[in-house]
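Presented below is the structure to which this report refers.
All values reported here derive from a predicted model rather than from experimental measurement.
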Amino acid sequence: MAMASAKLNTLSSQWIAHNSFSPRRGSSSRRVSLPIRASSYQHELVQTAKSIASPSRGILAIDESNATCGKRLASIGLDNTEVNRQAYRQLLLTTPGLGEYISGAILFEETLYQSTTDGNKFVDCLRDQNIVPDIKVDKGLVPLPGSNNESWSAEYYKQGARFAKWRTVVSIPCGPSALAVKEAAWGLARYAAISQDNGLVPIVEPEILLDGDHPIERTLEVAEKVWSEVFFYLAENNVLFEGILLKPSMVTPGAEHTEKASPETIAKYTLTMLRRRVPPALPGIMFLSGGQSEVEATLNLNAMNQSPNPWHVSFSYARALQNTVLKTWQGHPENVEAAQKSLLVRAKANSLAQLGRYSAEGESEEAKKGMFVKGYTY
């Protein structure tokens, strides 16, 4: 993604202003306005965002790279082949009744162009259930030169995608450095502008990784700094706020912290961050599950919906929707129906959580198992 070569405006937040990126005192500061033609898609962008952020529904994230999908398949003894990846994604995307609880599905590029074994395009399977197809546009993480060994992420509309997702990450144990925060914010803003210019609703995802033993207060501090930069650069790039969605991680203690936070505490800190940094013009906040167990992710979402919010506060879960599904399926065709029923159970649970009506009573022990993997928190 191209980076504009320009001095930062002196009104940038303290996080950047106190570091080497801010202009020197007395120097001139020139704002660079990059033309964004989202106006040609403005109505469609707003309508798409509203459709995804509709009451009691959320996003199914199945945008794992082929390598990551292979790790999941390996956990049930399957080889990482296109046929097996197709079979698993077909199981998910053809689940009867899924559209009652799911409004959007984030796809990896391979999946966007795939069809079912009967020849039906996956994007058409989604549309038939009123589910909006999405495309993951980042290609993974690479080291960011000059930082504390941190990372950033380096004809979809015609194919049927109507929103796109770009993920970049910030690591608390690594600093985070001002360079990493700047690159994350600027890269996300440029991606958002380019997506809107091409008719795609951007999902903006600056993820705060779970790695570390820091308390929840430290996560809140870093999240506020990151989000202030993100929205500064979104505004600088003339991004239409009514036509974007956010996919943040919840504000939690570090995974290695000794004190576990309750759903009520996580909801309190997460909503505090959102209210301080996120404009109410945004239609939806679609949380990633962040390595939590299926039940934990649902309980935390439910806690955040116990009182009215300015936005649609919902979910964009991968493993927190799929863990039980995968273990039920085991790669056997005779288990497809049972696996699809388990997907509906999890989707319905999170649908209720979006409405603030979820209860964990009767949940299986499998759904309560945590899934944290260092450096990867989908």
Side-chain angles (χ1 to χ4, degrees), residues 59-96 98 102 104-129 131-142 151 153-156 158-161 163-167 205 288-289 291 294 316-347 366-367 369 371-378:
I59 295 173
L60 170 64
I62 55 170
D63 57 325
E64 308 91 350
S65 66
N66 289 346
T68 301
C69 188
K71 293 178 182 178
R72 298 194 181 181
L73 293 174
S75 72
I76 57 171
L78 292 183
D79 293 332
N80 186 15
T81 65
E82 183 176 355
V83 171
N84 285 336
R85 294 193 298 269
Q86 178 194 30
Y88 181 54
R89 288 159 177 164
Q90 178 171 321
L91 179 161
L92 297 170
L93 298 179
T94 61
T95 297
L98 188 63
I102 300 297
I106 310 177
L107 311 177
F108 190 62
E109 187 175 45
E110 178 183 74
T111 313
L112 182 69
Y113 292 93
Q114 281 180 329
S115 301
T116 67
T117 52
D118 294 332
N120 298 318
K121 293 181 179 179
F122 281 153
V123 291
D124 291 335
C125 294
L126 292 171
R127 286 170 171 166
D128 289 345
Q129 294 215 55
I131 299 173
V132 182
D134 169 45
I135 179 65
K136 172 184 178 180
V137 294
D138 68 83
K139 299 298 184 181
L141 302 172
V142 296
S151 300
S153 301
E155 310 247 15
Y156 297 137
K158 291 181 180 179
Q159 184 61 18
F163 67 119
K165 193 208 78 167
W166 181 286
R167 172 191 182 229
E205 185 184 356
L288 58 91
S289 52
E294 292 174 329
S316 178
Y317 293 166
R319 290 181 294 178
L321 283 172
Q322 297 178 50
N323 185 42
T324 303
V325 176
L326 192 63
K327 293 183 178 181
T328 302
W329 177 48
Q330 292 293 319
H332 301 307
E334 62 270 22
N335 293 341
V336 167
E337 184 177 351
Q340 290 179 330
K341 287 181 179 178
S342 68
L343 175 59
L344 287 181
V345 168
R346 294 265 42 94
E366 184 63 43
K369 293 180 181 178
M371 304 182 63
F372 176 71
V373 177
K374 188 173 182 180
Y376 184 83
T377 59
Y378 266 50

Glu110 CD to Glu64 CD distance, which is reported to the nearest 0.5 Å: 11.5 Å
Does the side chain of Leu344 come within less than 4.5 Å of Lys341's, by heavy atoms? no
What distance separates Gln86 CD from Thr111 OG1, expressed to the nearest 0.5 Å? 9.5 Å
Beyond-backbone contact of Asn120 with Thr94, side-chain heavy atoms, under 4.5 angstrom: no
Got a donor-acceptor contact below 3.5 angstrom from the Gln330 side chain to the Lys327 backbone? yes
In short, ring pair (Phe, Tyr, Trp, His ring centres under 6.0 Å) pairs touching residues 67-88 with sequence neighbours left out are Tyr88-Trp329
Inter-residue atom distance Asp134.CG - Ile106.CD1, 0.5 Å rounding: 4.5 Å
If I compare all heavy atoms of Leu78 with all of Asn84, which pair ends up nearest, and what's the gap? CB-ND2, 4.1 Å
Heavy-atom pair of closest approach, residues Ile76 and Gly331: CD1-N, 3.8 Å
Separation of Leu321 CG from Leu343 CG (nearest 0.5 Å): 6.5 Å
Reported CD1-to-CZ distance for the pair Ile62 and Phe108, which is rounded to 0.5 angstrom: 12.0 Å
Evaluate the side-chain proximity of Thr324 to Val345: yes if any heavy-atom separation is below 4.5 Å, no if none is. no
Check Ala318 against Ser289 and note the closest heavy-atom contact, atom names and distance. N-OG, 4.5 Å
Rounded at 0.5 Å granularity, tell me how far CG in Asn335 sits from OG1 in Thr328. 8.0 Å
With a 4.5 Å cut-off on side-chain heavy atoms, are Ile59 and Ile102 touching? no
Report yes if the side chains of Thr95 and Val325 come closer than 4.5 Å at any heavy-atom pair, otherwise no. no
Would you find a donor on one side and an acceptor on the other, under 3.5 Å apart, between the side chain of Asn80 and the backbone of Cys69? no
Side-chain heavy-atom pair Tyr317, Leu288 within 4.5 angstrom cut-off: no
Within-4.5 Å side-chain heavy-atom neighbours: Leu60 and Ile131: no
The test is side-chain contact (heavy atoms from CB on, under 4.5 Å); show your working for Gln90 and Gln114 and say whether it passes. CA-CA 9 Å; Gln90 178 171 321; Gln114 281 180 329; over 6 Å; no
